[in-house]
Trainee: 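Here it is, the structure, as C-alpha cells.
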Amino acid sequence: MSAPASITPVYAKLPGTGTNALQQVWLYLGPDHLLQVTSNGFSESYQRFYFRDIQAIAFHHTHAGQMLNLLFAGLAFLSLLPGMAIGNGAIIVFGIVAVIWMTLLGVNVARGPTCATYLTTAVQTRRLPSLNRIPRALKVIDRLRPLIATAQGELPSAPVPPQSPEPGSSPVPPPGPPAGPSGVASSHEPT
Amino acid sequence: MTIGEIPCPNPNCRLPLPGNFWNTAEAATCPGCDQRVHVEVFSAHFHAAPAGRTAETILETGVSSCYHHEGKKAVTTCDGCGRFLCALCDVDLNGQHLCPTCLNLSRTQGRHINLETHRVVYDRAALSLALWPILVWPVTLLTGPAAVACGIYSFYRPGSVTGRRPWRAVCAIVIGLAQLAGWTALFIRGVT
C-alpha cells in the first residue's frame with residue numbers, strides 16, 4: 001500500500017521577516033493557504049492557515065520602534081561625546097560611528113511604526129511575527145483580502161449601529177454580519 | 001470566543017471589540033488598553049461550524065460496506081489503497097479521499113507536502129555551519145568539513161517546502177573549503 005503523493009505547491013514570499021535571537025519567521029503565499037515558516041538555521045517548522053479558515057487578521061500598535069529610535073539616537077549622541085572631548089582627528093573617527101547609528105535610526109524611521117499582528121481562525125489565534133511594521137501589515141492584508149474573499153465569499157454589507165464599549169465592560173457585539181457601511185473590500189483602496 | 005465577537009489583538013487586553021471597530025480604513029483606539037488597533041474580519045467569522053459527518057448504517061443487501069466498519073455503507077474509495085470507505089473514514093485532503101491509514105502513511109513518509117510541519121533543511125544547515133562558527137574561529141576546524149559534507153548531502157535531500165536554494169549549499173561548500181585550506185596552511189607553516 002502506498003499513499004498518494006501530492007503536487008508541490010508554489011509559494012510566493014510575502015514581505016517581512018520576524019526575528020529574535022534564535023529564530024527567523026517568514027510568511028509565504030500558497031495557492032489556497034498562508035504558510036508561516038519558522039527557521040532556526042538548521043530546520044524549519046511550518047504552520048498553514050487556509051484562506052477558507054481565516055476569520056480575522058488584527059494588529060495593535062507597539063512601542064518597539066520608538067524604543068529603537070531612542071536607542072539609536074542615544075548611541076549616536078554618546079558616540080560623538082568622546083570625539084568632542086578629545087578633539088582633533090578623533091571627532092572624525094567618532095563621527096563615522098555616530099553616522100552609522102544615525103543611518104540605522106533613519107532606516108528604522110523609514111520602515112514605519114511597529115505593530116504586533118495576529119491571525120484568528122475558529123480554533124486558534126496565532127501571532128505573525130513577520131508582520132511587525134504597520135505599512136507592511138496593511139500591504140499584506142490588502143493582498144490577502146481578495147484571496148480570502150474568493151475562498152469564503154464576500155462579507156455581506158449591512159449597516160452597523162455605532163457602538164463603543166466602555167473600558168472594562170464586555171459589550172454585546174451586533175448580531176449578524178457587521179461589515180462597515182462603506183464596504184469592507186475597499187476600505188484600504190486609494191481614493 | 002463566540003460568533004460575532006473579536007477580542008482586542010493586544011494579549012494583555014482581549015476586550016471584545018464591537019462591529020464598528022472592524023474593517024475600518026483607519027486604526028481605532030481600543031477602549032480597554034488605549035492601544036491603536038486595526039481589525040480585519042472575514043466572512044468565515046460568521047459561518048457556523050460544519051456539522052460532523054455520520055456513517056450510514058446498511059439496511060439492505062447488495063450494498064458495499066466500509067473496509068473498517070462492516071455495518072456502514074461505503075460512499076467512496078481511498079485514493080491511496082482503493083479500499084471502500086464510509087463517510088466516517090473518508091478524509092478529504094485537498095480533493096483527495098484518503099483512509100486514516102493512508103493519511104498517516106502520507107504524513108510519516110512525507111508524501112503529502114501539506115501535512116509536513118517540520119523539515120531539516122540541509123542547505124540552510126550547511127550555510128549556518130559555515131558562517132556562524134567563524135565568530136568562534138577555532139571551532140571551524142570541525143565545522144568547516146561538516147559544512148562541506150552537509151552542503152554535498154543537501155543535493156540529495158529535499159530542500160525547504162518553499163523551494164530549493166542550491167546557492168546556499170554552494171556557498172557553504174566554498175566557505176567550508178576555504179576554512180579547510182586555511183587550517184591546512186596553518187598546519188604546514190607550524191610543521192615547517
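Just so we're on the same page: letters track the sequence lines, and every chain starts at 1. Scope of the values below: all heavy atoms of this structure, side chains included, with no hydrogens, waters or symmetry mates.
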Trainee: With only heavy atoms counted, which part of Ile148(A) is less than 4.5 Å from chain B, the side chain, the backbone, both or neither?
Mentor: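 Only the side chain of Ile148(A) comes within 4.5 Å of chain B.
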Trainee: Would a distance-only check, ignoring hydrogens and angles, find a side-chain to backbone donor-acceptor pair under 3.5 Å from Glu40(B) to Ile57(A)?
Mentor: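 No, Glu40(B) side chain to Ile57(A) backbone: no donor-acceptor pair under 3.5 Å.
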Trainee: Considering only heavy atoms and a distance below 4.5 Å, find which of Val161(B), Val37(B), Asp34(B), Leu129(B) pairs most often with chain A.
Mentor: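 Of the candidates given, the most pairs with chain A belong to Val161(B).
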Trainee: Side chain, backbone, both or neither: which part of Phe59(A) has an atom under 4.5 Å from a heavy atom of chain B?
Mentor: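 Both the backbone and the side chain of Phe59(A) come within 4.5 Å of chain B.
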Trainee: Can you tell me if CG on Leu22(A) sees more than 12 non-hydrogen neighbours from other groups inside 6.0 Å?
Mentor: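 Count not over threshold, so no.
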Trainee: Could you check Arg145(A) against Phe42(B) for side chain to side chain contact (heavy atoms under 4.5 Å, CB included), going step by step and ending with a plain yes or no?
Mentor: CA-CA 8 Å; Arg145(A) 193 181 293 115; Phe42(B) 302 101; 4.3 Å; yes
Trainee: Contact part of Phe51(A) toward chain B, heavy-atom cut-off under 4.5 Å: side chain, backbone, both or neither?
Mentor: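 It is neither, since no heavy atom gets under 4.5 Å.
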Trainee: Which bit of Gln35(B) comes within less than 4.5 Å of chain A, counting heavy atoms only: side chain, backbone, both or neither?
Mentor: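 Side chain only.
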Trainee: Is atom CD of Gln24(A) surrounded by more than 12 heavy atoms (other residues, nucleotides or ligands) closer than 6.0 Å?
Mentor: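 Check passes, neighbour count above 12.
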Trainee: Name the member of Val39(B), Val120(B), Leu127(B), Thr117(B) that forms the most heavy-atom pairs with chain A at distances under 4.5 Å.
Mentor: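 Most pairs with chain A among the choices: Thr117(B).
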Trainee: Which ring pair (Phe, Tyr, Trp, His ring centres under 6.0 Å) pairs, counting each pair once, include a residue from residues 61-107 of chain B, with sequence neighbours left out?
Mentor: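 Listed by first then second residue: nothing to list.
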Trainee: Restricting to non-hydrogen atoms, name the atom on Ala27(B) and the atom on His61(A) that form the minimum distance, rounded to 0.1 Å.
Mentor: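 Looking at all heavy atoms of both residues, the closest pair is CB-NE2, 3.9 Å.
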Trainee: Please tell me whether Leu104(A) and Val109(A) are part of a single hydrophobic cluster in this structure, the criterion being side-chain heavy atoms less than 4.5 Å apart.
Mentor: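 They do share one cluster, since a chain of ILVMFWY contacts under 4.5 Å joins Leu104(A) to Val109(A).
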Trainee: I need the minimum non-hydrogen distance between Asn114(B) and Pro9(A), along with the two atoms involved.
Mentor: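 Reported closest heavy-atom pair: OD1-CG, 4.1 Å.
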Trainee: Quick check on the interface: out of Cys30(B), Cys150(B), Pro11(B), who has the most heavy-atom pairs with chain A under 4.5 Å?
Mentor: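 Most heavy-atom pairs within the cutoff with chain A belong to Pro11(B).
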Trainee: Could you give all pairs that pass the salt bridge (Lys or Arg N to Asp or Glu O under 4.0 Å) test and reach residues 122-137 of chain A, with sequence neighbours left out?
Mentor: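 Checked against salt bridge (Lys or Arg N to Asp or Glu O under 4.0 Å) - neighbours excluded - no pair reaches residues 122-137 of chain A.
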Trainee: So, using side-chain hydrogen bond (donor to acceptor under 3.5 Å, both in side chains) as the criterion, who are the partners of Thr162(B) when residues are at least two apart?
Mentor: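 With neighbours one apart ignored, the set is Ser160(B), Arg165(B).
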Trainee: Can you name the residues of residues 33-48 of chain A that have some heavy atom under 4.5 Å away from a heavy atom in chain B?
Mentor: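 The list, in residue order, reads His33(A), Leu35(A), Val37(A), Ser39(A), Gly41(A), Phe42(A), Ser43(A), Glu44(A), Ser45(A), Tyr46(A), Arg48(A).
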Trainee: Are Leu105(A) and Val99(A) grouped together when hydrophobic residues (ILVMFWY) are joined by side-chain heavy atoms under 4.5 angstrom apart?
Mentor: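 No.
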Trainee: For Trp26(A), is the CH2 atom crowded, meaning more than 12 foreign heavy atoms sit under 6.0 Å from it?
Mentor: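 Correct, the count exceeds 12.
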Trainee: Say whether Leu128(A) and Leu29(A) are linked into one hydrophobic cluster, either directly or through other cluster members, by side-chain heavy-atom distances under 4.5 angstrom.
Mentor: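 Yes, same cluster.
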Trainee: Would Leu17(B) end up clustered with Phe46(B) when hydrophobic side chains under 4.5 Å apart are linked, directly or stepwise?
Mentor: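 In one cluster: yes.
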Trainee: Applying side chain to side chain contact (heavy atoms under 4.5 Å, CB included) to Arg36(B) and His60(A), what does each step give before you reach the verdict?
Mentor: CA-CA 6 Å; Arg36(B) 302 280 289 165; His60(A) 67 89; over 6 Å; no
Trainee: Is it the case that more than 12 heavy atoms not belonging to Glu70(B) sit under 6.0 Å from its CD atom?
Mentor: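 No - once you tally the heavy atoms of other residues, nucleotides and ligands closer than 6.0 Å, there are 12 at most.
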Trainee: Is there a path of hydrophobic side-chain contacts, each under 4.5 Å between heavy atoms of I, L, V, M, F, W or Y residues, that connects Leu75(A) with Phe94(A)?
Mentor: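 No, Leu75(A) does not connect to Phe94(A) through the hydrophobic network.
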Trainee: Got a second to check how far His38(B)'s NE2 is from Leu138(A)'s CG, nearest 0.5 Å?
Mentor: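 If we round to the nearest 0.5 Å, His38(B):NE2 and Leu138(A):CG are 5.5 Å apart.
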